[in-house]
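Accompanying notes for the structure given below.
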Number of protein chains: 2
Amino acid sequence: MDAITLHVELDSQNPHDGIEGSKMTKPSDNQGFIQPTLSGPSATLEASLSLAIHEHRLLPGTKLGEDELSDIFNVSRTVVRTALQSLSHSQLIDLKRNRGAFVAQPTIKEAREVFEARALLEPRTAHSAAERMTPDALAQLEAHIAAEHDALAAGEHGKALRLSGQFHIEISRIADQSTIAGFIERLVARSSLIIAIYWRRQSALCEKHAHHALVDAFRRKDGTEAEALMKSHLLDILTALDLRETSEPAGNLRDVLVP
Amino acid sequence: MDAITLHVELDSQNPHDGIEGSKMTKPSDNQGFIQPTLSGPSATLEASLSLAIHEHRLLPGTKLGEDELSDIFNVSRTVVRTALQSLSHSQLIDLKRNRGAFVAQPTIKEAREVFEARALLEPRTAHSAAERMTPDALAQLEAHIAAEHDALAAGEHGKALRLSGQFHIEISRIADQSTIAGFIERLVARSSLIIAIYWRRQSALCEKHAHHALVDAFRRKDGTEAEALMKSHLLDILTALDLRETSEPAGNLRDVLVP
DNA sequence: TGATCACCTATTGTATACAATGTTGCGCAC
DNA sequence: GTGCGCAACATTGTATACAATAGGTGATCA
């Protein structure tokens, strides 16, 4: 039930390449990190891994060997370990002692918890954001939606998924609540893992409409409407997940075998 | 405005001593860590530092030198760095590149944000906890309040403060929302720093009454009442802080000098 | 006497070597 | 043939040595 091989291609020569594209086109795109926790080489590594996870190039359960990563990025294991510890704190990866690092596999219970927490934080935050909305912030959100659309049109589903998550983070940043924004950032990150595991719709993530509606509410500075829209948007995502207990990988053997 | 010397005495021989007392008497007392992020020696170090910060033996701004800590705890700097990075993620310490680790000094803005986040999360969580309350959990909370009382009576203000914060964490754990509990844990930790900096009442933290009232509501499984009590309790703490802008250490020099 | 520059020291950042642990595969016994 | 146990291996945990950087201190010059 674990340890898918590391099948994603990570640029060995210049790890910056992977993020440079989006960074150049949109200055606001800081790879999903509101407040980078690290600096120096390990920050680059952390960003690359985080990006790959957000874009579903690294799937839940994938083992992230220290030697493997240090080879790929041409840094020492010390740097790799620093980055892995950081990602472990963001709950993007599980760090098992003497076993190694694995891309996290949120359980169904954790998935529910994540969306309960989001339901508690994000609607109110959207309300605040609407009230504090400025022309600049609005333009930024509109540009963001356009980028989402472009990515989807180009068939870059991973990038589109990451951008759609980042949309939520930018809203929380506009609300000028960096503490809550940090929490939402973590929740969005885990949501990406949850979607990777439990998404059931055949179609791609269709958040275009919901995000457009939100921006409309923001344009009118209609906090109440934004709050309601965010609430239903989160519910939409949640209902598109298959969180039936049966899809769990049989953690409780006895319950499965003894009727 | 920074770098108070490391004046706290940390047991060098057996770092476990500091936490052993409360751990033995109350099995539920896991030093404030709901889900320990580290394991091994660095976890011990992390726990000791976290404890010292929660009990205000380590004050905001205190520099935590790597060599100093590795001497005190008889571990290598590698282990120390791991613990410091972990604490940095909890925002209990600031890690400044090439400068070192300092016990965090939340700004006034951050202090407000922390309590806004708590106001968003904790009342609803208390509501859930009340509905899910079991006799065991209730007994645990009552024992916790008794421990708070004992610590206060013994003049152990630091311990009392830590326990009063932990009370909130235990409530969130009873609500069976580990994700939200993790957030509340972080918020409580930062609240401890905020109290260390901005507390203005001469008297000690008088949370006895509020916590008792909460337990009463829990006993009756009155979620609505618990929610309201928690809300006003948080407001009480907030109003006991001196968050006037003037007490900031003059970050904006121009505003101060040019009338 | 004051300020500026350069050097020096103290401290952190990184790499590597060694120790410890978990896993896997093979062989042996039953 | 199956199950157990041991041993070799791969991988992570820890310690230490070296490199790099920032801050402080002293000297020198205006």
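The figures that follow rest on heavy atoms only: side chains count, while hydrogens, waters and symmetry mates do not. Letters A, B, ... are given to chains in the order of the sequence lines, protein chains preceding strands, and every chain is numbered from 1. Source: prediction; values computed, not measured.
The 5' end of DNA chain D is approached more closely, in terms of each residue's nearest nucleotide, by A:Arg81 than by the other of A:Arg81 and B:Arg77. Residues A:Thr82 and A:Arg97 both approach DNA chain C. Their nearest nucleotides, taken by heavy-atom distance, put A:Thr82 toward the 5′ side. Taking for each of B:Val75 and A:Asn98 the nucleotide of DNA chain D with the nearest heavy atom, the 5'-most of the two is the partner of A:Asn98.
When the P atom of D:dC9 is taken as reference, atom CG of A:Asp67 falls 17 Å away, rounded to whole Å. Taking atom CG of A:Leu69 as the reference point, atom P of D:dA10 lies 19 Å away to the nearest angstrom. Rounded to an integer number of Å, the gap from NZ of A:Lys63 to P of D:dA10 is 13 Å.
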Checklist entry - side-chain contact (heavy atoms from CB on, under 4.5 Å) between B:Leu49 and B:Ile93: does it pass, once the steps are laid out? => result CA-CA 10 Å; B:Leu49 289 172; B:Ile93 67 175; over 6 Å; no
Item to check | A:Gln85 vs B:Ser86, side-chain contact (heavy atoms from CB on, under 4.5 Å): CA-CA, chis, key distance, verdict | outcome: CA-CA 8 Å; A:Gln85 278 166 23; B:Ser86 181; over 6 Å; no
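Across all non-hydrogen atoms, the minimal contact from A:Val188 to A:His168 is CG2-CB, 4.1 Å. A:Ser192 and A:Ile53 make their closest contact through OG-O, 3.7 Å (heavy atoms, listed as atom of the first residue, atom of the second, distance).
For A:Arg77, the salt bridge (Lys or Arg N to Asp or Glu O under 4.0 Å) partners at least two apart in sequence or on another chain are A:Glu66. With sequence neighbours left out, A:Gln177 forms a side chain to side chain donor-acceptor pair (under 3.5 Å) with B:Glu116.
Using a 4.0 Å cut-off, no side-chain N or O of A:Arg99 falls inside it from OP1 or OP2 of D:dT12.
Note: A:Phe183 CZ to A:Arg118 CZ = 15.0 Å, rounded to the nearest 0.5 Å. The line from CG of A:Leu64 to CG of A:Leu87 is 8.5 Å long, rounded to the nearest 0.5 Å. Atom-to-atom distance recorded for B:Gln140:CD and B:Thr134:OG1 is 8.5 Å, nearest 0.5 angstrom. With rounding to the nearest 0.5 angstrom, the CD atom of B:Gln166 is 9.5 Å from the CD atom of B:Glu148.
Inter-axis angle, ends of the helix from C:dT1-D:dA30 to C:dC30-D:dG1, five pairs per end, rounded to 10 degrees: 0°.
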Quick one: which protein N/O atoms are closer than 3.5 Å to N/O atoms of nucleotides 5-7 of chain D? Pair and distance per line, please.
none

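Where DNA chain C meets chain B (any atom under 4.0 Å from a heavy atom), the bounding nucleotides read 5' to 3' are C:dT11 to C:dT14.
Counting only residues at least two apart or in different chains, salt bridge (Lys or Arg N to Asp or Glu O under 4.0 Å) contacts with residues 188-198 of chain A comprise A:Glu110-A:Arg190.
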